[in-house]
Novice: 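The structure under discussion is supplied below as structure tokens; questions concerning it will follow.
On a predicted model such as this, the values are computed, not experimentally measured, just so you know. For ligands, and for the atoms within them, numbers begin at 1 and follow the listed sequence.
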Amino acid sequence: MRVIRKSNYEEASMACAELIASQIRLKPDCKIGLATGSTPIGTYKDLVDMYKAGSLDFSKVTSANLDEYRGLGGDHDQSYRYFMNTNLFDHVNIDKSKTFVPDGLEADAVKACTDYDAILESLGHLDIQLLGIGGDGHIGFNEPADDFCVNTQCIDLEEQTIQDNARLFFGGDLAAVPTQAYTMGIGYIMKSETVILMATGAGKKGIVEKAFCGPVTPRVPASILQLHPNVVVIGDEAAISDAVVAKAK
Ligand code: PGA
């Protein structure tokens, strides 16, 4: 496990963007797992800036996103497809036909999940998977549970997640946040060659420490990353405690 602790959000975002950019430069046809939420917005902005400056080429990159709200189509401004388009895909030369997000409009949950698993299987493993972490320790939308879920699943979102998402998105309207989502399973996340977990802000400090210094348990889904051979935790001083830094090998 590597830990990169920067003094603020901007520096942490740039460190994350540089890791992703290095992967793309080393292997232009790499496959990258992408995340949504407030945390990666700065990183996506930095990647767009690198592209605009002519130092990054997305033309051969394939991407797979972690999750999507069940019931929201890609043109809904709170859908994760829309988030990816507006924060990254619309501003770089990625081939959108090679960007994958679960189909939120597929009402048949079993089909939505098996379809996404088939796509992921066709990609093989990812080179990098970018993750945020939820206040309850979720990665993607894999919420605390009795077991680690291997495959794509339809999940009932926890109350804390719904509240967090209403606070940051959906104009603060709790009732507007969907209660279910389709999420890539933890099995596929763990198959990625490298996993980058980014966490910033004091609100994440406790859960990041629990995830990386506490026991490995499905009650804290991110804790499974302690077993990944190549995980990089990137964050700011507010989110990354000394105990997490001390765990770095
Ligand atoms: P956030 O969400 O980046 O908006 O804090 C992280 C997550 O829920 O994975």
Side-chain angles (χ1 to χ4, degrees), residues 6 8-10 12-13 15-17 20 32-47 64-70 72 77-84 86-88 101-102 104 128-145 148-149 152-153 155-174 176-186 188-190 192 195-212 218-225 231-236 238-240:
K6 296 288 186 181
N8 55 43
Y9 175 76
E10 288 70 27
S13 297
C16 188
I20 294 171
I32 296 191
L34 296 172
T36 50
S38 55
T39 309
I41 290 175
T43 292
Y44 293 152
K45 192 180 164 303
D46 291 336
L47 290 171
N65 261 78
L66 288 164
D67 41 21
E68 180 61 280
Y69 289 113
R70 185 180 189 199
L72 299 195
D77 66 3
Q78 296 296 336
S79 74
Y80 284 172
R81 161 59 74 180
Y82 188 92
F83 175 102
M84 290 312 304
T86 51
N87 283 285
L88 182 64
V101 181
I128 287 187
Q129 174 67 62
L130 176 61
L131 300 173
I133 182 169
D136 59 4
H138 68 228
I139 46 175
F141 267 139
N142 293 283
E143 296 279 29
F148 291 110
C149 186
T152 301
Q153 61 171 332
I155 194 96
D156 292 326
L157 300 177
E158 292 289 336
E159 194 51 41
Q160 180 179 347
T161 302
I162 292 170
Q163 280 177 19
D164 287 349
N165 290 351
R167 190 168 41 83
L168 296 165
F169 301 98
F170 292 92
D173 181 2
L174 205 60
V177 183
T179 56
Q180 289 188 312
Y182 298 131
T183 181
M184 180 190 287
I186 287 177
Y188 193 69
I189 292 171
M190 289 296 281
S192 181
V195 173
I196 302 174
L197 183 138
M198 186 177 169
T200 54
K204 295 287 171 71
K205 191 172 196 165
I207 193 63
V208 172
E209 189 165 316
K210 230 173 162 180
F212 291 98
R219 304 311 312 172
V220 183
S223 65
I224 196 152
L225 299 173
V231 61
V232 187
V233 179
I234 301 180
D236 60 4
I240 310 295

Novice: Below 4.0 angstrom from a heavy atom of Leu168, which ligand 1 atoms are there? Numbered from 1 as shown, please.
Specialist: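 Selected atoms, number and element: 4 (O).
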Novice: When you compare the side chain of Glu10 with that of Asp46, does any pair of heavy atoms fall below 4.5 Å?
Specialist: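 No, side chains not in contact.
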Novice: How far is atom 5 (O) of ligand 1 from the closest protein heavy atom, and which atom is that?
Specialist: Lys204 NZ, 2.6 Å
Novice: For Gly37, counting its heavy atoms only, list the atoms of ligand 1 lying under 4.0 Å from any of them.
Specialist: 3 (O), 4 (O)
Novice: For a side chain to side chain contact (heavy atoms under 4.5 Å, CB included) check, start with the C-alpha distance between Leu157 and Tyr69, then their side-chain angles and the critical distance, and finish with the verdict.
Specialist: CA-CA 10 Å; Leu157 300 177; Tyr69 289 113; 4.0 Å; yes
Novice: If we set the cut-off at 4.0 Å for heavy atoms, which region of Ile133 has an atom near ligand 1: side chain, backbone, both, or neither?
Specialist: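 It is the backbone that touches ligand 1; the side chain stays farther off.
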Novice: Which pair of non-hydrogen atoms, one from Gly37 and one from Pro40, has the smallest distance, and what is that distance?
Specialist: O-CD, 3.3 Å
Novice: Should Lys204 and Thr39 count as side-chain neighbours, where that means a heavy-atom distance under 4.5 Å?
Specialist: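 A side-chain contact exists here, since the closest heavy-atom pair is under 4.5 Å.
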Novice: Just to be sure I'm reading this right: ignoring hydrogens, which of Gln160, His138, Met198, Arg167 gets closest to atom 7 (C) of ligand 1? Compare them by their nearest heavy atoms.
Specialist: His138
Novice: Please indicate whether Lys210 has more than 12 foreign heavy atoms, meaning atoms of other residues, nucleotides or ligands, lying under 6.0 Å from its NZ.
Specialist: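 Not more than 12 within 6.0 Å, no.
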Novice: Can you tell me how far the CG atom of Asp156 sits from the CD atom of Glu143, to the nearest 0.5 Å?
Specialist: 9.5 Å
Novice: Which residue and non-hydrogen atom of the protein lie closest to atom 3 (O) of ligand 1, and at what distance in Å?
Specialist: Thr39 OG1, 2.4 Å
Novice: Does ligand 1 come near enough to Thr36 that some N or O of the ligand is less than 3.5 Å from an N or O of the residue?
Specialist: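 Looking only at distances, the answer is no, because the N/O contact criterion of under 3.5 Å is not met.
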